[in-house]
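Order of the sequence lines sets the chain letters (A, B, ...), proteins ahead of strands, with each chain counted from 1.
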2 protein chains.
Amino acid sequence: MALKKAKSAGAKPRRRRDPDGTRTAILQAAGTLLAKDGPQGLSVSQVAQLAGVNRGTAYQHFQTREQLVEATTGWVSEQLCQAAFGKTTGGKSSRKPSPEEQARLVDPRSGVIEHIVEFAMENPELARAWLFHVLASPQPAHDPFWKMYRQRFEEYVKTDSAQPGIDVEVHTVLMLVGTFLWPVWARAHARTAKERQQLALRFTEEIARLSLYGTMRPEKYPKLVARLSKRTQPKPVAAKSGRAK
Amino acid sequence: MALKKAKSAGAKPRRRRDPDGTRTAILQAAGTLLAKDGPQGLSVSQVAQLAGVNRGTAYQHFQTREQLVEATTGWVSEQLCQAAFGKTTGGKSSRKPSPEEQARLVDPRSGVIEHIVEFAMENPELARAWLFHVLASPQPAHDPFWKMYRQRFEEYVKTDSAQPGIDVEVHTVLMLVGTFLWPVWARAHARTAKERQQLALRFTEEIARLSLYGTMRPEKYPKLVARLSKRTQPKPVAAKSGRAK
DNA sequence: GCGGCATCAGACACCGATGTTGATCAGCCG
DNA sequence: CGGCTGATCAACATCGGTGTCTGATGCCGC
């Protein structure tokens, strides 16, 4: 078709006029570079180049490098929220979920972790970028995705399907960061989609096993059992509320 | 002692001639800056300034910025190895450990995790630096500290104190990264040494609880139990399924 | 068809970081 | 004590990134 795209010479086919599109293109490029170099290593020049956008245009969408980084981390978190929970963070209210839907969202076996792992396995850049962000942030728990996950798990802990005495914060740290680092580790071993899926399955299976049975055989650690049961016995929920306000 | 240190005017009291000392001073400064900005954010200028050393001197010890970063990550890993396992990585052989010593080193309840958490809680810069390094590295599992931990845990898994069917890699990812990120999270909440110790205790207790009992009540997930027990071994699962009541 | 605006190209001053080089001075050894 | 080695330092040239500005160009809605 005879249209734009000056063929031979390095002529640049000027980008079609689409502010939102370019913005997200920039964010996406910034995301992948963020994953590679971390927040401190991000340069507007590289981002613009990768996004196929003039540097000046980038500066038109984000006044300063710092703002670009900020916007990018927020965007990454948003992507993760949508992929994991299927809704945006900026609560457009959205009708209250039905009870069974509630249970599905809350129960750790319902697929939230599976979703996250699979998504992270297919988008390791986002996972890595999120980890960088969380690691660099002075307040990791302020991240929207973090808060979302934590809240969901907190609700699960209240149900009678959960073991008593769970420490929500510790669990959140373990699961979130483990779930996102696993693809980083696995990346070195899996090339094909099949291998990746297998590794994702391996992770979720081990999480399931650990969640059900733990790592140690209780009968081998009577003293530890006694101490822990003393901690959680009297009134499980009260014990937790003491520290996880 | 009354010596050196020209007092008033900005006169620089030329550093005493001490190659090894300056080298480790540089490494230490690089470590704390690495924790703050990540590998890509590290600048030789800042390192030299923080270490109280001329930039040129730094370049004499490490030919290039990249080499400095590399040496620093190695140094951090070394520090962690010594803190956690009490010996250096560059195996000077060192006599074989006695059987009970072996058990102490291998058993997850013996204090390895406690050691690491406490150390990480008191040296969050090192923890953060290590996480940055692991996150940025294409082969996280090549880190000496990582390998050391993994090997120890692998030996534990072979003992009959361990649950059957443990996935060593998944466990290593979870524990290592969780243990080091916990201080980063906790840092935002704890100021005094007492608070820090309390948070460290809270983490190890939850790890212990999780290792013993897991997160979910098996009786609520019969299908999952069936699938997992089929995966591992037919026999031992029944024993622990009764523990939770 | 026209005006507004998104996009691009290029240039500028400024800054900080990188490596390099030659001078300088501390500590050791004869 | 005097010289030598090399650890430490100050200064230089260079490069790349930032943030800003100007003018040109084309796309889209009115």
Side-chain angles (χ1 to χ4, degrees), chain A residues 1-30 32-34 36-72, chain B residues 1-6 9-34 36-72 136:
Chain A
M1 309 58 169
L3 66 161
K4 67 314 182 57
K5 207 61 180 186
K7 61 278 25 198
S8 54
K12 326 298 187 78
R14 173 181 285 241
R15 192 180 187 83
R16 291 185 76 117
R17 188 185 193 148
D18 176 13
D20 290 8
T22 33
R23 184 187 163 89
T24 67
I26 293 172
L27 284 176
Q28 196 164 339
T32 68
L33 287 183
L34 195 62
K36 198 166 56 171
D37 301 331
Q40 313 290 333
L42 196 78
S43 88
V44 183
S45 314
Q46 292 179 31
V47 171
Q49 185 171 354
L50 179 60
V53 167
N54 188 284
R55 197 167 62 92
T57 304
Y59 272 101
Q60 184 145 353
H61 285 267
F62 309 92
Q63 288 81 350
T64 176
R65 193 193 86 99
E66 209 45 51
Q67 285 191 30
L68 172 58
V69 172
E70 208 171 318
T72 305
Chain B
M1 297 68 166
L3 68 159
K4 77 289 173 82
K5 212 59 180 183
K12 326 296 189 76
R14 174 183 280 242
R15 192 180 185 84
R16 291 185 76 122
R17 190 184 190 142
D18 176 15
D20 288 10
T22 33
R23 186 188 163 89
T24 67
I26 293 173
L27 283 175
Q28 194 164 342
T32 68
L33 287 184
L34 195 63
K36 199 166 55 172
D37 301 331
Q40 312 291 334
L42 196 78
S43 89
V44 185
S45 315
Q46 292 179 32
V47 170
Q49 185 172 356
L50 180 59
V53 166
N54 188 284
R55 203 166 53 86
T57 302
Y59 271 101
Q60 181 140 351
H61 285 266
F62 309 91
Q63 288 82 348
T64 177
R65 191 193 86 99
E66 210 45 50
Q67 286 191 26
L68 172 59
V69 172
E70 208 171 317
T72 306

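Put simply, CG on A/Leu68 is 9 Å from P on D/dT18, counting in whole angstrom units. Rounded to a whole Å, the CG atom of A/Asp20 is 15 Å from the C1' atom of D/dC27. Note: CZ (A/Arg17) to P (D/dG29) measures 9 Å, nearest angstrom. With rounding to whole Å, A/Asp37 atom CG is found 16 Å from D/dG16 atom P. If you measure from atom CG of B/Leu33 to atom P of C/dG16, you get 16 Å, rounded to the nearest angstrom. We find that OH of B/Tyr59 is positioned 14 Å from C1' of D/dA13, with the value rounded to whole Å. Remark: C1' of D/dG16 and CD of B/Gln40 are 15 Å apart, rounded to the nearest angstrom. What separates CD of A/Gln60 from P of D/dT18 is a distance of 17 Å, to the nearest Å.
Counting non-hydrogen atoms of neighbouring residues, nucleotides and ligands closer than 6.0 angstrom, the CD atom of A/Gln49 reaches no more than 12 such neighbours. Shown here is A/Gln67, whose CD atom has more than 12 heavy atoms of other residues, nucleotides or ligands within 6.0 Å.
OP1 or OP2 of C/dG27 lies within a sub-4.0 Å distance of a side-chain N or O belonging to B/Arg16. Residue A/His61 places at least one side-chain N or O closer than 4.0 Å to OP1 or OP2 of C/dT7. Contact check, B/Thr57 against D/dA7: no side-chain N or O comes under 4.0 Å of OP1 or OP2. Close to D/dA7, at under 4.0 Å from its OP1 or OP2, lies no side-chain N or O of B/Thr22.
In this structure, the separation between OG1 on A/Thr32 and CG on A/Leu50 is 4.5 Å, given to the nearest 0.5 Å. A distance of 6.5 Å separates CG of A/Leu42 from OG1 of A/Thr72, quoted to the nearest 0.5 Å.
Residues from residues 43-56 of chain B placing a heavy atom under 4.0 Å of any atom in DNA chain C, listed by number, are B/Ser43, B/Val44, B/Ser45, B/Gln46, B/Arg55.
A/Phe62 and A/Leu68 get closest at one heavy-atom pair: CD1-CD1, 3.7 Å.
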Under 3.5 Å donor-acceptor pairs involving side-chain atoms of residues 17-29 of chain A, not counting sequence neighbours:
unit_1	atom_1	unit_2	atom_2	d
A/Asp18	OD1	A/Gly21	N	3.1
A/Thr22	OG1	A/Asp18	O	2.9
A/Thr22	OG1	A/Pro19	O	2.8
A/Thr24	OG1	A/Gly21	O	3.0

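For the pair B/Asp37/B/Gln46, a side-chain contact is recorded, criterion being any heavy-atom separation below 4.5 Å from C-beta on.
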